[in-house]
There are 2 protein chains.
Amino acid sequence: MSSPNPDTRQRILQATADLLSEGGGTGVRMSDIAKRAGISRQAVYLHFANRADLLIATTFYVDELKDTAARLAPSRAAETGRERLDAFVEAWAGYLPEIYPIGRALIDMSPTDEEARSAWAQRMQDMREGCEAAISALKRDGDLAPGLPASQATDLLWTLLLLPNWEHLTRTCGWSQKQYLKHITATARRLFVIDA
Amino acid sequence: MSSPNPDTRQRILQATADLLSEGGGTGVRMSDIAKRAGISRQAVYLHFANRADLLIATTFYVDELKDTAARLAPSRAAETGRERLDAFVEAWAGYLPEIYPIGRALIDMSPTDEEARSAWAQRMQDMREGCEAAISALKRDGDLAPGLPASQATDLLWTLLLLPNWEHLTRTCGWSQKQYLKHITATARRLFVIDA
DNA sequence: TGATCACTTGACACTATGTCAAGTCCGAAT
DNA sequence: ATTCGGACTTGACATAGTGTCAAGTGATCA
């Protein structure tokens with residue numbers, strides 16, 4: 001989509017992210033977004049082809065804005081493994097509620113939007129892999145296992161793995177719940193030594 | 001709502017549950033439901049005041065139909081604690097995907113439906129308490145702890161506790177993510193002895 | 001035969017998305 | 001100073017879904 005005025009485009013994206021984060025869900029209207037951005041409803045279509053296009057763009061905008069990679073990377077300031085893990089958990093817990101409502105609104109759109117669905121599926125896949133890679137890095141650094149009881153680490157990291165996957169795998173990708181639990185178990189066993 | 005013909009009402013509820021489970025999400029229309037139930041669109045309104053009313057009724061219908069309490073209760077046939085836990089996990093993993101899409105469709109409805117939102121909040125609260133009570137019973141029976149490594153039980157049960165709470169607590173009830181993590185941690189520590 | 005109940009049919013108001021055409025405003029080039 | 005073009009506004013419209021209403025049908029029961 002061409003972008004007449006980049007500033008206006010940014011304001012639209014910010015307005016969308018704000019309204020969705022405030023809990024509007026699918027109920028957020030194009031007119032609400034336009035009003036929040038301080039432009040007319042029709043002007044939104046000068047920047048984005050349709051609602052789906054805007055929502056997908058918003059997920060990437062949130063990433064860009066918050067510099068997620070930096071937030072999810074292990075903090076260099078923290079000294080013990082426990083501190084680094086806590087920092088990771090906090091970053092993730094702050095990131096997820098920003099990105100999640102947007103994805104939900106996307107997935108719940110009209111079933112005719114197959115394009116939007118698959119775009120979001122790819123997006124969630126990326127997020128999951130990024131999360132698993134960050135956890136792997138935490139472990140490979142040798143900073144996690146020594147400073148922390150294995151059982152506690154496992155509990156916390158299951159939380160992180162679970163949240164962004166449930167809806168994606170069972171609905172968008174057609175995984176069964178059984179497959180999902182199997183995947184979670186396998187991932188946890190791979191990343192941490194459970195009962196070994 | 002008065003129910004002209006109970007059979008028709010049942011067919012509507014079954015059609016709604018089926019369509020939502022098949023992944024239609026918020027995109028499931030009243031006309032789709034009517035078609036699946038084999039009646040006219042307008043006839044649905046003879047049984048349910050509106051879309052929200054129908055969705056809420058569907059959550060209770062699923063419970064009634066599947067006899068959830070029986071499925072979530074520890075299986076008497078299973079002998080070891082591990083077997084009973086596995087049965088519980090399987091029952092829960094089968095129940096959740098049936099009830100969850102309906103709740104999602106409810107939460108994502110137009111933000112004007114405050115009534116529907118609070119009805120669903122109560123519904124989720126009940127589910128969470130039911131889940132925690134079932135887990136408590138498993139533990140109180142003394143069948144869980146002895147037969148099973150504590151770390152493995154914790155991993156599995158965190159999965160069960162997490163899923164139905166995330167959306168409910170952080171969106172519908174206005175909990176922050178920090179409050180949510182704290183609640184999960186406290187519950188897990190209360191139900192199982194972690195690091196003690 | 002006549003009445004009632006469950007449902008149908010067709011029409012309507014309302015709201016949200018997305019499109020279109022014409023108009024306004026403002027800054028930059030000539 | 002005037003003209004031009006781009007960004008946005010305004011108003012109108014087509015389309016689709018929800019919810020309402022009034023009239024009609026068809027089977028069952030008194």
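Only a predicted model underlies this, so the values are computations on that prediction, with no experimental measurement involved. Each chain gets a letter, A, B and so on, in the order the sequences are listed, and its residues count up from 1. Heavy-atom basis, side chains included; hydrogens, waters and symmetry copies ignored.
- When the side-chain nitrogen and oxygen atoms of B:His47 are compared with OP1 and OP2 of C:dC7, one or more of them lie within a distance under 4.0 Å.
- Residues A:Ala37 and A:Arg11 come closest through the heavy atom pair O-NE, 3.0 Å.
- Scanning for side chain to side chain donor-acceptor pair (under 3.5 Å) contacts around A:Asn50 gives an empty result, with sequence neighbours left out.
- Checking side-chain atoms of A:Asp32 against main-chain N and O of A:Val28 turns up no donor-acceptor pair under 3.5 Å.
- When rounded to the nearest whole Å, the span between CG of B:Asn5 and C1' of C:dT8 equals 15 Å.
- With contacts defined as side-chain heavy-atom distances shorter than 4.5 Å, the pair A:Ile12/A:Thr58 does not qualify.
- At whole-Å resolution of the value, CG in B:Asp7 and P in C:dC5 are 18 Å apart.
- Toward the 5' end of DNA chain C, the nearer of the two residues B:Arg41 and B:Gly38, judged by each one's closest nucleotide, is B:Gly38.
- A straight line from CE of A:Met30 to C1' of C:dT19 spans 13 Å, rounded to a whole angstrom.
- For DNA chain D, the outermost nucleotides in 5' to 3' order that have an atom under 4.0 Å from a heavy atom of chain A are D:dA7 to D:dA12.
- Contacts of A:Arg51 with the nucleic acid, taken as non-hydrogen atoms under 4.0 Å apart, involve only primed sugar atoms and P, OP1 or OP2.
- Atom-to-atom, CG of B:Leu46 to P of C:dC5 comes out at 13 Å; the value is rounded to the nearest Å.
- Among all heavy-atom pairs drawn from A:His47 and A:Asn5, the shortest one is CE1-O, 3.4 Å.
- If you measure from atom CZ of A:Phe48 to atom C1' of C:dT17, you get 16 Å, rounded to the nearest angstrom.
- With sequence neighbours left out, B:Arg36 forms a side chain to side chain contact (heavy atoms under 4.5 Å, CB included) with B:Ala15, B:Asp18, B:Leu19, B:Glu22.
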